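What follows is a short report on a single structure.
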Amino acid sequence: EESGRLSERDAMLHPRRNEITKALGFEENIETINDFIEMGESPFLPGDIILVCSDGLSDMICSNTILEILLKKNGLGKKATELVGAANDAGGNDNITAVLVQNNNQPIPKVALKPAERKKNAEKNESTETAQAEPIEITVNRKRSFIALLTIVSIGLLAMVLFQKDTRVKSNNIILKPEAAKPKKENSDLFIRSVIDSVRTYTFNQQETLLDLTEPALINKDSFYIKGNGVTITCDSSYKGPAIIINKTCKHIILDSIVFKNFDVAIIVQKNNIAFKNVKFINCLVPVQYQLSFPDTAISGRFRDSIFTSLLPLKNSK
């Protein structure tokens, strides 16, 4: 991002943004590595505000939004509350911490220095010397002056010709800088990464209406709650896999207010560990597919017809 190869938005959504490359306590003799711990100094002037925050804030809202909130004319408490609220409105996928410190000291006024006054005697002496100065006779060689004048005119004409030529070349070869294209499917990438990174919940923005997946979202947590707010998850034309895969190690997964559309298989589960609330399936050949996974061992028994309802227990089943 600092080198200009990524925009701030691209960096916030990059799949490797949370990889840790430096950590205290894992390197020996870090005191011998000059740049291991990044340090810097900056003046803390009257009126300045310092924001210390967790990535739960900086990963959800950009620096321009943070700056707009900090520049508002209200107290630090209201600024911090508004920062946390903005991060929650953007998704609130992680714990949010914001600490604000302001330098309330008054700036020291600078005293303007008066210009030094000239003495009247010095002015009189200078005027007298100027009045008494004899005129200087200047002798001009007309021939040399004409040559110099001709040279200056020639240089001026040459510069005008070159300038016009350069202007024509530039006007005939105008290069329009294309606008930076927004990353495609950034909302689906954000959803997949958030399912991995979030602790217990993921909430879609209420403004978000469509999510086009090109790979499945793997849920591998003890418990997880996805609140869709009516979002529609569709299948990319080139993608034939499921929308969500729920690992058998999960215990309690809740999907709330989500629409799955145009999937061959919408959800793959390996255990009776999922609950639905207002979930719809549109044009899905198999809404929920139950895939069994067995270790390297012999098994015996019968399969149930459904993992969601169990009317009568089956004998000899495992």
Side-chain angles (χ1 to χ4, degrees), residues 9-10 12-15 60 88-93 181-294 302-312 314 317:
R9 181 65 177 171
D10 294 336
M12 291 171 66
L13 300 175
H14 199 277
M60 300 309 300
N88 278 322
D89 292 341
N93 298 328
K182 295 183 179 179
K184 294 182 179 179
K185 306 185 187 308
E186 62 181 19
N187 55 353
S188 60
D189 293 339
L190 176 61
F191 166 65
I192 293 173
R193 289 194 303 272
S194 298
V195 168
I196 299 174
D197 297 339
S198 300
V199 181
R200 292 185 179 276
T201 62
Y202 178 77
T203 303
F204 283 94
N205 296 332
Q206 293 183 354
Q207 297 83 1
E208 198 155 23
T209 58
L210 185 63
L211 195 72
D212 202 9
L213 292 185
T214 58
E215 59 179 303
L218 177 62
I219 301 178
N220 188 14
K221 303 176 186 297
D222 185 75
S223 60
F224 198 62
Y225 182 15
I226 300 179
K227 187 174 182 180
N229 285 323
V231 69
T232 299
I233 300 179
T234 62
C235 181
D236 185 84
S237 58
S238 60
Y239 177 61
K240 301 300 181 183
I244 297 176
I245 299 176
I246 300 177
N247 197 291
K248 65 179 180 180
T249 58
C250 301
K251 294 181 180 179
H252 188 56
I253 308 300
I254 299 176
L255 304 183
D256 186 359
S257 302
I258 304 175
V259 178
F260 294 91
K261 187 176 181 180
N262 299 334
F263 284 94
D264 290 344
V265 177
I267 302 173
I268 292 179
V269 298
Q270 301 177 5
K271 188 179 179 181
N272 188 4
N273 53 5
I274 185 171
F276 294 111
K277 293 183 178 180
N278 301 320
V279 176
K280 296 181 180 180
F281 298 94
I282 300 176
N283 194 26
C284 295
L285 298 179
V286 180
V288 181
Q289 185 178 85
Y290 189 28
Q291 289 188 349
L292 296 178
S293 176
F294 300 105
R302 298 167 60 185
F303 297 123
R304 297 176 184 269
D305 292 336
S306 173
I307 64 171
F308 302 107
T309 59
S310 179
L311 301 178
L312 297 174
L314 296 177
S317 64

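Since the model is a prediction, treat every value here as computed from it, not as a measurement.
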Quick one: side-chain contact (heavy atoms from CB on, under 4.5 Å) partners of Thr203, sequence neighbours excluded? Lys227, Asn229

In chain order, what residues pass the side-chain hydrogen bond (donor to acceptor under 3.5 Å, both in side chains) check against Ser237, with sequence neighbours excluded? none

Under the side-chain contact (heavy atoms from CB on, under 4.5 Å) rule, collect the residues that match up with Cys250, sequence neighbours excluded. Ile219, Ile246, Asn247, Ile253, Asn273

CG of Asp212 to CZ of Phe191, rounded to nearest 0.5 Å, is 13.0 Å

Taking salt bridge (charged side-chain N to carboxylate O under 4.0 Å, His left out) as the test, write out the residues that go with Asp222, two or more places apart. Lys251

Sequence neighbours excluded, the answer for salt bridge (charged side-chain N to carboxylate O under 4.0 Å, His left out) partners of Lys277 is none

Test of understanding: with side-chain hydrogen bond (donor to acceptor under 3.5 Å, both in side chains), list the residues that count as partners of Asn220, not counting sequence neighbours. Thr249

Return each pair, listed once, that meets ring-ring contact (aromatic ring centres under 6.0 Å, His included) where at least one residue sits in residues 241-260; pairs must be two or more places apart or across chains. Phe260-Phe281

Using the side-chain hydrogen bond (donor to acceptor under 3.5 Å, both in side chains) criterion, which residues pair with Tyr225? Sequence neighbours excluded. Asp256

Contacts of Glu215 meeting side-chain hydrogen bond (donor to acceptor under 3.5 Å, both in side chains) (sequence neighbours excluded), chain-then-number -> none

For Ala90, all residues meeting side-chain contact (heavy atoms from CB on, under 4.5 Å), sequence neighbours excluded: Met60, Ile61

Can you name the residues that form a side-chain contact (heavy atoms from CB on, under 4.5 Å) with Asn283, not counting sequence neighbours? Asn262

